[in-house]
Amino acid sequence: TCALPICQDKHLLSLQNSTMSLPEKNEWDDETEKKDEWEDETETKDDKGDNEDVDIDNENNILMFKKFEDMEINETVLRGIFNAGFVSPAPFQRTIIPTCIANKDKHVVVEAATGSGKTLCFLIVAANSIKPTIKRTQVLVLSPVRELAYQIYDEALKLFKDSPISVAFHRGTTAGKQGVKSVGDKYMTTNMDHFGHEHIVISTPQRCLALFTEPTFVMQPNRKIHLNPQFIQEVVIDECDKILSTSERHSDMAYQVHEILALMPNARQSLYSATMSENTKLHGNELDAMYLKFVANEKIGNTVDHYWVGLQDERDKYACLENILRGINNAGSVFVFASSILSAEEICRFLTDEKCSVDFIHGSLPQTMRDSAIKNFREGKTRILVSTELAARGIDINSVDLVFNFDLPSTGTDYMHRSGRAGRFGKRGIAISFVLPLGNARPADIIRIEKENNIQIEHLPPLESLKL
């Protein structure tokens with residue numbers, strides 16, 4: 001039971017079924033040979049869980065409790081948990097919450113599957129150290145996209161309703177008078193008396209950095225916001241592998257986060273994601289962070305059936321998509337992922353012409369249109385949502401049965417995040433990938449994704465044999 005050295009004085013704590021197990025080799029450095037096993041559990045409001053006895057690793061201060069009230073959670077936060085309707089913690093939360101609270105002076109890097117309950121987990125842990133009587137921002141929560149940031153705010157709204165702990169959500173800006181940024185109605189708070197000084201601030205990195213460096217004018221109530229880093233004691237980075245990526249596509253976000261962290265060098269950093277990039281691991285090692293990886297008997301590949309279809313050219317994808325959608329008519333909500341804005345809009349036009357209930361989102365759409373598309377999809381008013389990589393992470397939709405990779409993602413990690421939109425909340429799902437060109441051999445891209453994720457992607461069988 002114990003510690004696995006990553007490098008000198010660094011440890012990875014692997015948690016299997018909420019118990020500790022010692023892998024035979026360094027899993028961070030040997031990802032191609034042994035991939036993580038995850039349990040796709042949601043933060044259900046009445047999770048019965050298993051009743052197995054669990055070992056406690058006293059040496060590394062790893063704890064496990066099956067009841068929220070047995071954890072070292074303060075009364076204010078505990079009341080919020082029960083008022084929100086949560087009865088018992090999900091398996092992931094039973095270990096991660098008390099362990100992070102017990103190790104409050106350590107930076108942490110937490111890895112667990114999509115749908116495991118990470119949002120509730122980090123909100124509870126971060127709020128547990130807040131001093132409500134001090135009306136200053138004490139916790140930052142950073143998310144890579146506004147939709148996910150709002151989803152976190154919505155969860156916090158349930159948790160801290162009628163609570164002395166206040167929460168604010170900030171999102172994108174538009175140009176205002178004399179160079180001052182205008183947020184308009186894009187600022188939300190649970191307590192206007194704490195305006196500009198809410199205990200928890202949730203935002204994207206770009207927006208958050210602006211709150212520290214520029215005066216921000218809010219039309220209602222016609223005042224300015226300028227965050228002060230002095231009292232911030234914890235920074236939560238959700239989807240940390242994407243936020244800290246130095247790829248050309250995301251490098252600006254990584255720079256913004258490092259600029260923010262430089263303003264509060266003594267704040268605890270808590271990093272969460274379903275997958276871990278090399279940049280995240282390096283960042284964690286520099287912090288001498290505690291690594292917590294939740295490992296379970298089931299991996300995401302066991303809740304989602306993966307298939308591929310070989311096609312001759314790009315035009316065949318449209319006909320194939322239509323045939324499958326009509327052939328699997330018992331599917332609930334459907335995600336279709338495209339590699340570009342142009343492709344996403346073209347797919348949406350095609351499906352609209354075919355009389356399908358469809359909408360699309362991408363980063364260039366006005367925020368109101370993005371919000372409306374996701375809201376309608378979540379409420380079942382729209383059956384199909386076409387998206388770029390924007391919706392691949394974190395956005396929780398209960399009834400997604402089917403995910404299409406109209407265009408294959410560039411990495412195995414992106415594939416897992418896309419396919420992880422299905423098979424959530426105890427349901428099974430199907431992921432279907434279109435591959436060009438048609439051939440008898442197993443496509444190289446499919447083999448690469450299989451190896452990177454330790455999953456099997458089968459050739460698509462007759463549609464009548466598919467089960468949801």
How many angstroms lie between atom [atom1] of [X] and atom [atom2] of [Y], to the nearest 0.5 angstrom?
{"X": "L460", "Y": "W308", "atom1": "CG", "atom2": "CH2", "result": "10.0 Å"}
{"X": "K242", "Y": "I237", "atom1": "NZ", "atom2": "CD1", "result": "14.5 Å"}
{"X": "L325", "Y": "R383", "atom1": "CG", "atom2": "CZ", "result": "5.5 Å"}
{"X": "I328", "Y": "L402", "atom1": "CD1", "atom2": "CG", "result": "5.0 Å"}
{"X": "I225", "Y": "H170", "atom1": "CD1", "atom2": "NE2", "result": "4.5 Å"}
{"X": "L227", "Y": "T137", "atom1": "CG", "atom2": "OG1", "result": "5.0 Å"}

Donor-acceptor contact present, side-chain [X] to main-chain [Y], <3.5 Å:
{"X": "N279", "Y": "S245", "answer": "no"}
{"X": "N128", "Y": "I124", "answer": "no"}
{"X": "E379", "Y": "F377", "answer": "no"}
{"X": "S433", "Y": "L408", "answer": "no"}

Partners passing side chain to side chain contact (heavy atoms under 4.5 Å, CB included) against [X] (at least two apart in sequence or in another chain):
{"X": "E458", "result": "Y307, Q456"}
{"X": "Y318", "result": "E346, I347, F350, F406"}
{"X": "D407", "result": "E314, K317, A338, S339, S343"}

Distance alone, cut at 3.5 Å: any donor-acceptor contact between the side chains of [X] and [Y]?
{"X": "T382", "Y": "D359", "result": "no"}
{"X": "T189", "Y": "H194", "result": "no"}
{"X": "S270", "Y": "E234", "result": "yes"}
{"X": "D241", "Y": "S277", "result": "no"}

Inset, instruction - Could you tell me whether D238 and K118 make a salt bridge, using a distance below 4.0 angstrom between a side-chain N and a carboxylate O? - result: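 A salt bridge is absent here (no side-chain N lies under 4.0 Å from a carboxylate O).
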Legend entry - Considering all heavy atoms, the nearest H199-I165 contact: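 Distance-wise, the nearest heavy atoms are ND1-CA, 3.5 Å.
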Inset, instruction - Count the heavy atoms belonging to other residues, nucleotides or ligands that lie under 6.0 Å from CD of E322, then report whether that count exceeds 12. - result: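 Counting neighbours around CD of E322, more than 12 heavy atoms of other residues, nucleotides or ligands fall under 6.0 Å, so yes.
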Legend entry - Identified ring-ring contact (aromatic ring centres under 6.0 Å, His included) partner of Y187 from the options Y153, F169, F195: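 Of the listed options, the one satisfying the test is F195.
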Legend entry - Aromatic plane relationship, F294 with F92 - under 30° parallel, 30 to 60° tilted, over 60° perpendicular: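 Geometry flag for F294 against F92: perpendicular rings.
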Inset, instruction - Kindly state whether the ring of H306 and the ring of Y415 have centres lying under 6.0 angstrom apart. - result: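 Distance test on ring centres: under 6.0 Å, yes.
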Legend entry - H258-H283 aromatic ring centre distance below 6.0 Å: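 Yes, they do, as the ring centres are separated by less than 6.0 Å.
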Legend entry - Note, I152 side chain near F122 side chain (heavy atom, < 4.5 Å):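 The answer is yes; the side chains approach within 4.5 Å.
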